[in-house]
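Chain letters run A, B, ... following the sequence lines, proteins first, then strands; residues in each count from 1. Remember, it's a predicted structure, so these values are computed and weren't measured experimentally.
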Number of protein chains: 2
Amino acid sequence: MRPTRQRTAVVEAMTSFDDFRSAQDIHDLLGRGTTPVGLATVYRTLNALVEAGEVDMLRTEDGEAIYRRCSETHHHHLVCRECGATIEVEGPAVERWTRTIAAEHGYSDVAHTLEIFGTCAACRRA
Amino acid sequence: MRPTRQRTAVVEAMTSFDDFRSAQDIHDLLGRGTTPVGLATVYRTLNALVEAGEVDMLRTEDGEAIYRRCSETHHHHLVCRECGATIEVEGPAVERWTRTIAAEHGYSDVAHTLEIFGTCAACRRA
DNA sequence: CCCATTTTGACAACGATTCTCAGCAAAGCG
DNA sequence: CGCTTTGCTGAGAATCGTTGTCAAAATGGG
């Protein structure tokens with residue numbers, strides 16, 4: 001994969017925020033900067049980053065994909081449903097539990113998704 | 001809410017299978033039966049059932065909503081990624097863990113999603 | 001029965017995502 | 001450097017799940 005101007009711009013944009021954003025949001029963000037990137041390219045690049053494990057994608061309640069740069073180790077997210085503030089969390093016990101449950105029922109090649117939603121302290125006060 | 005012919009048909013259709021199906025699938029299923037139901041009505045009814053907690057909805061990797069009748073207690077799903085065979089599972093420890101994690105970070109009104117994907121015994125052999 | 005209110009469904013509209021394809025940029029090569 | 005080959009880009013079209021529209025039909029109360 002070639003390190004093009006556009007791909008660099010997307011990667012940099014991803015480091016400029018800390019919550020989950022939609023592809024459209026990221027496209028807008030780039031449009032205001034010095035390196036506009038076409039929407040199709042934003043989608044292509046984000047998908048590649050997700051494949052590469054450098055970015056996490058999850059889906060909102062209404063099915064929209066949202067993206068966030070992430071650490072490369074396996075983790076889950078604690079997300080504020082008001083402001084989007086996100087904390088990465090790990091839960092070895094949960095990992096073990098899912099594997100055990102799956103094995104008990106004869107399922108192999110186990111994967112799982114787990115997200116926690118809540119209202120963060122700052123938003124509760126507001 | 002009125003118990004119409006269409007709503008009854010959708011509810012019955014939901015009892016006729018055991019895996020997660022898309023609204024389109026359910027619409028097709030009804031179309032082959034004696035009570036065709038318009039696609040818009042299928043969507044409306046499914047959403048109402050989800051609201052009422054009688055049906056579970058989750059999203060496929062590509063964002064499509066899929067539906068399944070479910071027990072009314074809180075639970076999660078172990079889903080075969082080949083054939084869709086689904087088992088409801090409970091994990092009190094996980095419930096506790098998510099609440100603890102959220103509390104530690106000052107998040108309130110906690111909810112969570114958790115799905116486990118794997119290949120079931122039957123599909124592994126095939 | 002009759003009316004007020006819901007519900008339905010064909011179709012249009014919508015929005016996120018992907019596809020198309022011609023033009024452009026990068027890497028390799030002599 | 002020129003040239004070539006190959007991959008990348010982007011504007012717009014196309015796709016597809018889902019929701020909105022609205023006139024016609026069904027429902028239940030009076």
In whole angstrom, what separates [X]'s [atom1] from [N]'s [atom2]?
| X | N | atom1 | atom2 | value |
| --- | --- | --- | --- | --- |
| B:R44 | C:dC11 | CZ | P | 15 Å |
| A:I66 | C:dA16 | CD1 | P | 13 Å |
| B:M1 | D:dT27 | CE | P | 15 Å |
| A:N47 | C:dT18 | CG | C1' | 9 Å |
| B:L46 | C:dG9 | CG | P | 13 Å |

Is the shortest heavy-atom distance from the side chain of B:F17 to the side chain of B:L29 under 4.5 Å? yes

Among [options], the one nearest [X] by side-chain distance:
| X | options | answer |
| --- | --- | --- |
| B:Y43 | D:dG10, D:dG28, D:dT19 | D:dT19 |
| A:L39 | C:dT17, C:dG9, D:dT18 | C:dT17 |
| B:A65 | D:dT18, C:dT7, C:dT17 | D:dT18 |
| A:A40 | C:dG9, D:dG17, D:dG10 | D:dG10 |
| A:R2 | C:dA27, D:dT9, D:dG17 | C:dA27 |

Got a sec, which residues hit side-chain contact (heavy atoms from CB on, under 4.5 Å) with A:T60, two or more places apart in sequence or on another chain? A:D62, A:E64, A:I66

Considering residues at least two apart in sequence or located in another chain, which fulfil the side-chain contact (heavy atoms from CB on, under 4.5 Å) criterion with B:C80? A:Y107, B:E82, B:C83, B:A85, B:C120, B:C123

Under 4.0 Å from any atom of DNA chain D, heavy atoms only: list the residues of residues 5-17 of chain A that qualify, in numerical order. A:Q6, A:R7

Taking only the side-chain nitrogens and oxygens of A:T4, find out if one of them lies under 4.0 Å from OP1 or OP2 of C:dA26. no

Taking 4.0 Å as the cut-off, does a side-chain nitrogen or oxygen of B:T41 come that near to OP1 or OP2 on C:dG9? yes

Return each pair, listed once, that meets salt bridge (charged side-chain N to carboxylate O under 4.0 Å, His left out) where at least one residue sits in residues 113-126 of chain A; pairs must be two or more places apart or across chains. none

Here the salt bridge (charged side-chain N to carboxylate O under 4.0 Å, His left out) pairs for residues 9-37 of chain A, sequence neighbours left out, are A:D18-A:R68, A:D18-A:R69, A:D19-A:R21

With a 3.5 Å distance limit and no angle check, can you tell me whether A:H75 reaches the backbone of A:E88 through a side-chain donor-acceptor pair? no

By nearest nucleotide on DNA chain D, pick out whichever of A:T45 and B:Y67 is the more 5' one. A:T45

Count I, L, V, M, F, W, Y as connected when their side-chain heavy atoms are under 4.5 Å apart, and connections chain through other members. Are B:V94 and A:L78 then in the same cluster? yes

Quick one, B:H74 with B:H112, criterion side-chain contact (heavy atoms from CB on, under 4.5 Å). Give me CA distance, side-chain angles, the key distance, then yes/no. CA-CA 11 Å; B:H74 180 74; B:H112 62 272; 3.2 Å; yes

Mind running a 4.0 Å heavy-atom check of residues 18-32 of chain A against DNA chain C and sending the residues that fall below it, in number order? A:Q24

With a 3.5 Å cut-off and no angle check, do the side chains of A:T8 and A:R5 form a donor-acceptor pair? no

